[in-house]
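Quick caveat, the model's predicted, so the values are computed rather than measured. So you know, we letter chains A, B, ... as the sequences are listed, proteins then strands, and number each from 1.
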Amino acid sequence: MVSNNPFGDFRANCEEALEQSLKKLYPSTRFKSLPFEVPLKKEFGELASTALFDLGKNLKIDPRQLAQQVADTISVEEHPLLRAVTVAGGGYVNFHAAFDELSRTTIDSVRSLDAEYGHVKTDRPLKLIVEHTSANPISPLSIGQARNPILGDALARILSARGHHVNRHFYVDDVGRQTAVVAYGHSKLQDIAFDGKPDHYLGLIYTLTSCIIETNRLKQELERNKDSASEATQQLQKQLDEWVSITAVLERKHRSLFKSLLQSLSKDQNLEKIISDLNREYELGEERAKKLIRRVCELSLAGIKETLSKIDITFDSWDWESTFAWNSDVSKVLKALKDTEYVYQEGPVLEFDADRVADNLGLKSKLGLGEDYEIPSLTLVRADGTTLYTTRDIPYSLWKFKRADKVINVVGLEQRLPQMQLRLALWALGHSSKAKNLVHFAHNLVTLPGYKMSSRRGRYITLDQVVEEAIKRAYEEVEKRSPQRSMKEKTAISKIVGIGALKYALAEVDPIKPVVFTWDRVINFERNSAPYIQYSYARARSILRKAEKVEKPNCALLVKPIEHDLVLILARYPEVFIDSAENLKPNSIAEYANLLADKFNTFYNALPAIRAKPKELSEARVALVEATSIVLRNALNLIGIIAPERM
RNA sequence: GGGUCCGUAGCCUAGUCAGGAUCAAGGCGCUGGCCUUCGGAGCCGGAGAGCAGGGGUUCAAAUCCCCUCGGACCCGCCA
């Protein structure tokens, strides 16, 4: 029999058995759901129920006695995956699996479902949009942001394996001050040669331009306030000092570029105004601005795409933010919002009263907020008539919901408030179901020890750098361990291993927790890493290349504890997968893959497969190896990591 | 000041949402073994925490509630 969830079948057997038994013993008592848990020790079986603690308390009978009654009532013959039911502790009912049957079902199922094994389909397939990465097209992707594409891509793969129809969208954030800054800087430097990727070049221009503008602004402001020795002045001075020191570093590193940029910019009078004019013109869709800004965004984006394609991350749709500004979607939304009671004018500025929406619709507790917490208002329109990021995100969200039932925004933790305001805006507009189906998948950042990366300050390690280093280090490892392979093969392997290591390091940690960047952490080849799992896979494949093809293994011959362990882990993969997909937990797949690799290596070391005697045992073990290799590969693929045949 | 999140061995991480078993799980590092013909990026063993601290709820708390402490993030006419 082929099952897409062998452990789930075992669980169902246990539930049936317990339910029937309780019905027999206590016909009048109704049970809502019977609690089960996976025991920590092998001697306690494969699944245990704590249902009798509760019942015992209600009936004022020792739970242990009840458990014994239950165990006595159950006849395991009626449940194919059940071998024995025992009682332990203060009243646990322990269910022991019939391994001959469980092994057979599991191994048969894995081998026949192959790439589909474990990826149990949902009953309610949805059209989903996973929006991720969505980096500003003004600088290269940094390692600080790198969890976003890696987690976003893993989520998309997992949800798609779950049977949802998933589209991956990249929101190109081309509207806003930052693109005006880089476009302006770029426009002053037409013919400078730069070897390297365009996003790296533009990132540098962005930093240098920001630096000059910022220093300038702070100096002017200090000049204006020079008579008052207030706290504000001190603050300004402090900021200026920071920028001056940043400038010093940049000037030293990029002398000629900095010099020519400074020369050009100093000819212009009011830099602040130039930037905000350019921003406004772009938002209005004026040709001059379009020419300048689109050009730099496209250049940057080409570089970003190149980076992403290196790590095998692709998108179905590139959605330009400016589209929504230019096609009147933004103005329609603003008009609709103005018709609600939640928008008010504050001088020239338009504000959205998010707090009131939450109060009126009783949403605060749903949003996890205290009733007396006041949600800050959101500025929709600036004094100069331009809109803000979150404002434009409202029509974009509506646009996404025309194409999907549910939208998952993979966005940094620091944007919690704007993401919440965005949802509240949808509620205010009457789109409550859309608001409910808008999910902010919040993740923490990768930080450098001691400080946060900042592209404005030019303080970042690019993802390109890390990828390159990862591949380089992987090559050295391959060279060390498999010097006999051809150069071509070594290169191919080192890509798979290096990128795998990087992805795994960022995917394995709970997304909500920060990751502190160190090279050794992000490029790790030892246990608890992608290379370790990949190595286990390669070992399994190596056995399979040498072994004869097994048709009908007799899995009941697998009787050693480690063989049972391995079967059990394989059997559990579908439940791990379902939990990971339903609760958006890519890291649990990473964790699982590592556990499976661990068990496999123990097995590998303890028992021979090919040369086991008799032949039937060897066949059964080879089938187990094959099943393991399939599940290792399936799990790795879900987090975007390739399982190599050799390494 | 207000809000959200995090705090598990020297270090990194799982377990916390859906509370359970007198060894709290892995990895790094430390340490003692294993070159057993299927790949040593490996395997087997040892030492090392009682889950930030304190109260409470419960038959049962790392897990739930409250308080305190420490750290991160947010409270922009930035994104």
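By the side-chain hydrogen bond (donor to acceptor under 3.5 Å, both in side chains) test, Glu619(A) is found to be paired with Lys615(A), residues two or more places apart in sequence or in another chain being considered. Evaluation of the side-chain hydrogen bond (donor to acceptor under 3.5 Å, both in side chains) rule for Tyr206(A) yields no partner, not counting sequence neighbours. Residues that satisfy the side chain to side chain contact (heavy atoms under 4.5 Å, CB included) test with Glu548(A), not counting sequence neighbours, are absent from this structure. Among residues two or more places apart in sequence or in another chain, the side-chain hydrogen bond (donor to acceptor under 3.5 Å, both in side chains) test is passed with Gln421(A) by none. Scored by the salt bridge (Lys or Arg N to Asp or Glu O under 4.0 Å) test, Lys364(A) finds Asp355(A), Asp359(A) as partners (sequence neighbours excluded). Scored by the side-chain hydrogen bond (donor to acceptor under 3.5 Å, both in side chains) test, Asp565(A) finds Lys42(A) as partners (sequence neighbours excluded).
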What's touching nucleotides 45-47 of chain B from the protein side, N or O pairs under 3.5 Å?
none

Report each atom pair, protein N/O against N/O of nucleotides 49-51 of chain B, whose distance is under 3.5 angstrom.
none

Taking only nitrogen or oxygen atoms into account, show me every contact under 3.5 Å that the protein makes with nucleotides 63-70 of chain B, one pair per line with its distance.
none

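Near RNA chain B, defined here as any heavy-atom distance below 4.0 Å, the residues from residues 516-525 of chain A are Arg521(A), Phe525(A), listed numerically.
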What pairs of donor and acceptor atoms, side-chain ones from residues 509-522 of chain A against any protein atom, are under 3.5 angstrom apart with sequence neighbours left out?
unit_1: Asp510(A); atom_1: OD1; unit_2: Ile512(A); atom_2: N; d: 3.2
unit_1: Thr518(A); atom_1: OG1; unit_2: Arg521(A); atom_2: N; d: 3.2

Please convert RNA chain B into dot-bracket. A pair counts if it is Watson-Crick or G-U wobble with both distances under 3.5 Å; crossing pairs go in [ ] and bases paired with another strand get |. (((((((..((((......[....)))).(((((.......))))).....(((((..]....))))))))))))....
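Taking the ring centroids of Tyr344(A) and Phe352(A), they lie at or beyond the 6.0 Å cut-off.
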